[in-house]
2 protein chains.
Amino acid sequence: MLAEERRFRIREMLSSQRTLAASDLCAVLGVTAATIRRDLAALEHDGVLVRSHGGAVSRMSSTNFQPSYQTLSHVHSTEKHAIAREAEHLVLDGETVFLEGSTTVYELACCLNQRKRLTVVTNSPTIVCQLQRSTGVTVLCTGGDLQKDTFYFSGEWAQRALSEIRLDKAILGVSAIDIPYGVSTANHAEAQIKKMIMKAAKTRIALADHSKFGTQSFAYVGPVTDIDVLVTDSGTEAKYVKVLREMGIDVLIAGATGTKRKEQNTTYSNK
Amino acid sequence: MLAEERRFRIREMLSSQRTLAASDLCAVLGVTAATIRRDLAALEHDGVLVRSHGGAVSRMSSTNFQPSYQTLSHVHSTEKHAIAREAEHLVLDGETVFLEGSTTVYELACCLNQRKRLTVVTNSPTIVCQLQRSTGVTVLCTGGDLQKDTFYFSGEWAQRALSEIRLDKAILGVSAIDIPYGVSTANHAEAQIKKMIMKAAKTRIALADHSKFGTQSFAYVGPVTDIDVLVTDSGTEAKYVKVLREMGIDVLIAGATGTKRKEQNTTYSNK
DNA sequence: AGCGATTCGTGCAAATATGTACAAAACAAT
DNA sequence: ATTGTTTTGTACATATTTGCACGAATCGCT
């Protein structure tokens with residue numbers, strides 16, 4: 001087998017598997033570990049992957065693209081992950097959904113790679129990159145100005161794109177939710193986009209970990225009753241859950257107990 | 001057996017096999033390794049294949065399993081890199097430029113991270129992700145439908161965004177350039193986008209390595225005179241350069257020693 | 001914190017591939 | 001037939017790849 005062929009197959013595997021174990025590669029490709037190591041070194045040099053002890057992690061369509069995302073997602077990452085896993089069941093095959101950029105929604109996007117017949121609209125370049133290899137998912141992007149603080153698109157192009165579509169479901173992260181005040185966010189442009197997403201979707205699903213409750217932020221998005229389904233973690237105080245449910249909102253609590261989650265980047269050997 | 005027939009059979013084999021081993025070709029065609037090497041060298045120059053240690057890899061998109069970013073990014077990467085470095089000087093601080101998704105243009109985007117006061121518009125999510133951390137660069141994205149084969153945005157949203165802007169410079173990769181026929185590309189949607197980019201820009205800069213010359217592809221983009229500046233590598237035949245210059249096109253040759261054509265993906269240890 | 005098991009980096013040697021000079025062979029045209 | 005051109009085979013020096021080996025670094029587990 002040609003060296004090129006071998007490396008091509010490694011690339012190929014990386015498009016379906018985010019992580020590869022060096023030992024597995026030795027067995028599958030029939031070469032020694034030294035050769036695999038050299039292959040991985042070469043592919044790392046080409047920017048295809050990032051090596052890690054025992055194997056490698058894909059660099060395309062992964063969180064390695066933006067460190068800001070990584071640093072952010074470390075915060076409450078266990079809860080975010082549980083929330084994403086819970087929200088995944090709300091997305092059905094054949095639907096058209098909006099995924100609004102936010103770290104929690106990004107986690108959700110990672111779960112959707114294997115879906116068939118799903119249309120995703122998003123204002124996040126990171127989510128686009130995450131989903132670009134999944135053949136079963138049609139991806140549309142609003143485009144617009146890239147906000148340097150949040151890494152989402154906003155602005156005129158994004159707004160007009162949103163004004164022209166109707167969605168089965170919109171999934172968005174919220175940065176602040178308060179019962180009397182409503183939902184708010186730090187960025188005015190982001191608030192504008194969130195309002196339009198709300199308007200375009202039949203079902204509005206919000207993801208918020210427990211730290212977001214009872215807080216207010218600069219730019220007002222809308223009342224909490226704009227939300228149809230709210231997914232949060234078990235750390236949220238019961239009083240919030242109770243009041244929201246009384247207001248007719250479907251509150252889902254993601255079970256985050258005991259699931260000791262390790263950092264995504266270092267678990268390369270899992271199948 | 002005629003040399004022409006031998007090379008035809010190699011082409012034929014490449015349409016069913018992505019890679020060919022030189023040793024296999026010797027056996028099948030009944031000639032020595034030296035002859036096969038000369039054949040492969042000739043076919044490489046014609047842009048049919050890319051040589052690699054021990055054989056060759058098909059370059060024709062129809063046979064490539066995924067003629068995507070990753071597959072092609074290592075092909076002619078030395079030339080692409082040199083071209084990108086050369087084109088970098090054409091982008092000036094303070095300008096508004098369009099970067100059209102293509103592997104060579106992506107290389108260029110990587111060089112622009114440190115710029116101050118630069119506005120970049122692009123239809124490539126990969127380029128957005130590449131530039132999103134650079135504080136000095138304002139990034140806009142056309143949005144649109146994500147093409148699963150090329151990973152660029154196209155479609156209505158992309159077209160309308162392009163119809164509303166005027167650019168100092170547009171930088172695009174070309175997949176096929178032929179003197180009488182003009183510029184063409186494999187994808188119809190991509191050709192549409194390219195046309196609009198051409199229209200929106202005051203100065204149109206095309207990047208093309210030597211293998212693109214003298215080739216035609218499915219979808220017509222426009223005559224070669226649409227191009228103001230063409231950046232290529234030193235492997236391009238002099239006749240093309242001469243004719244294009246006579247037509248008033250500013251042809252820049254990226255400095256690379258013509259004889260030494262090492263494959264980047266096989267040299268991982270240097271530097 | 002310590003320890004055994006893996007894994008990593010790398011020098012070395014064998015095998016293989018590459019580029020090229022040169023001669024032989026095939027071909028084309030008078 | 002002969003002459004000039006192109007192509008192919010041979011030979012050989014150089015370059016690359018790969019497996020093996022061994023010390024160093026890292027990981028997982030107690």
Side-chain angles (χ1 to χ4, degrees), chain A residues 1-11 13-14 17 19-46 48-57 260-271, chain B residues 1-11 13-14 17 19-46 48-57 74-79 234-235 256-271:
Chain A
M1 183 191 293
L2 264 59
E4 204 284 335
E5 177 72 18
R6 205 176 47 238
R7 290 176 190 177
F8 179 81
R9 287 187 60 182
I10 295 176
R11 287 166 181 263
M13 291 181 198
L14 273 179
Q17 269 180 283
T19 59
L20 292 174
S23 53
D24 290 348
L25 290 173
C26 294
V28 172
L29 301 172
V31 286
T32 53
T35 303
I36 290 296
R37 281 196 289 272
R38 282 184 271 243
D39 284 344
L40 295 181
L43 291 169
E44 182 177 39
H45 180 266
D46 287 356
V48 175
L49 50 80
V50 178
R51 295 186 68 188
S52 161
H53 205 273
V57 185
K260 190 175 153 233
R261 212 179 75 76
K262 307 177 65 170
E263 273 315 304
Q264 195 91 351
N265 286 340
T266 55
T267 60
Y268 45 79
S269 53
N270 61 340
K271 265 263 158 109
Chain B
M1 182 190 297
L2 266 56
E4 206 278 331
E5 187 185 338
R6 202 175 51 238
R7 291 178 189 178
F8 180 79
R9 286 189 60 182
I10 294 177
R11 285 169 182 263
M13 289 171 162
L14 274 178
Q17 272 181 285
T19 61
L20 292 174
S23 53
D24 290 348
L25 289 173
C26 294
V28 172
L29 301 172
V31 286
T32 55
T35 304
I36 290 297
R37 281 198 289 273
R38 281 185 275 247
D39 285 344
L40 294 182
L43 290 169
E44 181 179 37
H45 186 267
D46 290 352
V48 176
L49 50 78
V50 180
R51 296 186 66 186
S52 101
H53 207 274
V57 184
H74 67 290
V75 174
H76 292 129
S77 74
T78 311
E79 289 91 335
S234 54
T257 53
T259 52
K260 220 170 149 117
R261 293 185 319 230
K262 295 177 74 169
E263 282 306 315
Q264 189 89 358
N265 67 325
T266 57
T267 62
Y268 49 86
S269 53
N270 62 343
K271 199 139 138 252

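First the proteins, then the strands, lettered A, B, ... as listed; each starts at 1.
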Shorter than 3.5 Å, N or O on both sides, protein versus nucleotides 15-17 of chain C: list them out with atom names.
unit_1, atom_1, unit_2, atom_2, d
C:dA17, O3', B:G54, N, 3.3

Among residues at least two apart in sequence or on other chains, which ones pass salt bridge (charged side-chain N to carboxylate O under 4.0 Å, His left out) with A:E44?
none
Return the value, rounded to whole Å, for the distance between atom CD1 of A:I36 and atom P of D:dT18.
10 Å
Can you name the side-chain contact (heavy atoms from CB on, under 4.5 Å) partners of B:R38, sequence neighbours left out?
B:A34, B:T35
Let me know the distance between CZ of B:R51 and C1' of C:dT18, rounded to the nearest Å.
7 Å
At under 4.0 Å between heavy atoms, what does A:A3 touch on the DNA or RNA strands: base, sugar-phosphate, or nothing?
sugar-phosphate
Output for pair (A:E5 CD, A:I10 CD1), nearest 0.5 Å, gives 11.0 Å
Closest contact, heavy atoms only, B:S52 versus A:L2
OG-CD2, 4.1 Å
Distance in Å, A:R9 CZ paired with A:L25 CG, rounded so as to fall on 0.5 Å steps
10.0 Å
Rounding to a whole Å, what distance do you find between B:R6:CZ and D:dG9:C1'?
12 Å
Can you tell me the distance, in whole Å, between the CD atom of B:E5 and the C1' atom of C:dA26?
16 Å
Side-chain-base donor-acceptor pair under 3.5 Å for A:R38 and D:dG19:
yes
Of the non-hydrogen atoms in A:C26 and A:A33, which two are nearest, and what is the gap between them?
SG-CA, 3.5 Å
From CG of A:D39 across to P of C:dT7 the rounded distance in Å is 17 Å
Tell me: CG of B:L29 to P of D:dT7, nearest whole Å?
17 Å
Using the C1' atoms of five pairs at each end, what's the angle between the two axes of the helix from C:dA1-D:dT30 to C:dT30-D:dA1, to 10 degrees?
50°
Measure the distance from CE on A:M1 to C1' on D:dT17 and round it to the nearest whole Å.
15 Å
Rounded to the nearest Å, what distance is computed from the CD atom of residue B:E4 to the C1' atom of nucleotide D:dT6?
15 Å
Qualifying residues under salt bridge (charged side-chain N to carboxylate O under 4.0 Å, His left out), relative to B:R7, sequence neighbours excluded
B:D39
Calculate, to the nearest 0.5 Å, the distance between atoms CG and CG belonging to B:L43 and B:L49 respectively.
5.0 Å
Taking side-chain contact (heavy atoms from CB on, under 4.5 Å) as the test, write out the residues that go with B:D46, two or more places apart.
B:R11, B:V48
Under 4.0 Å: is that the gap between some side-chain N or O of B:T35 and OP1 or OP2 of D:dT8?
no
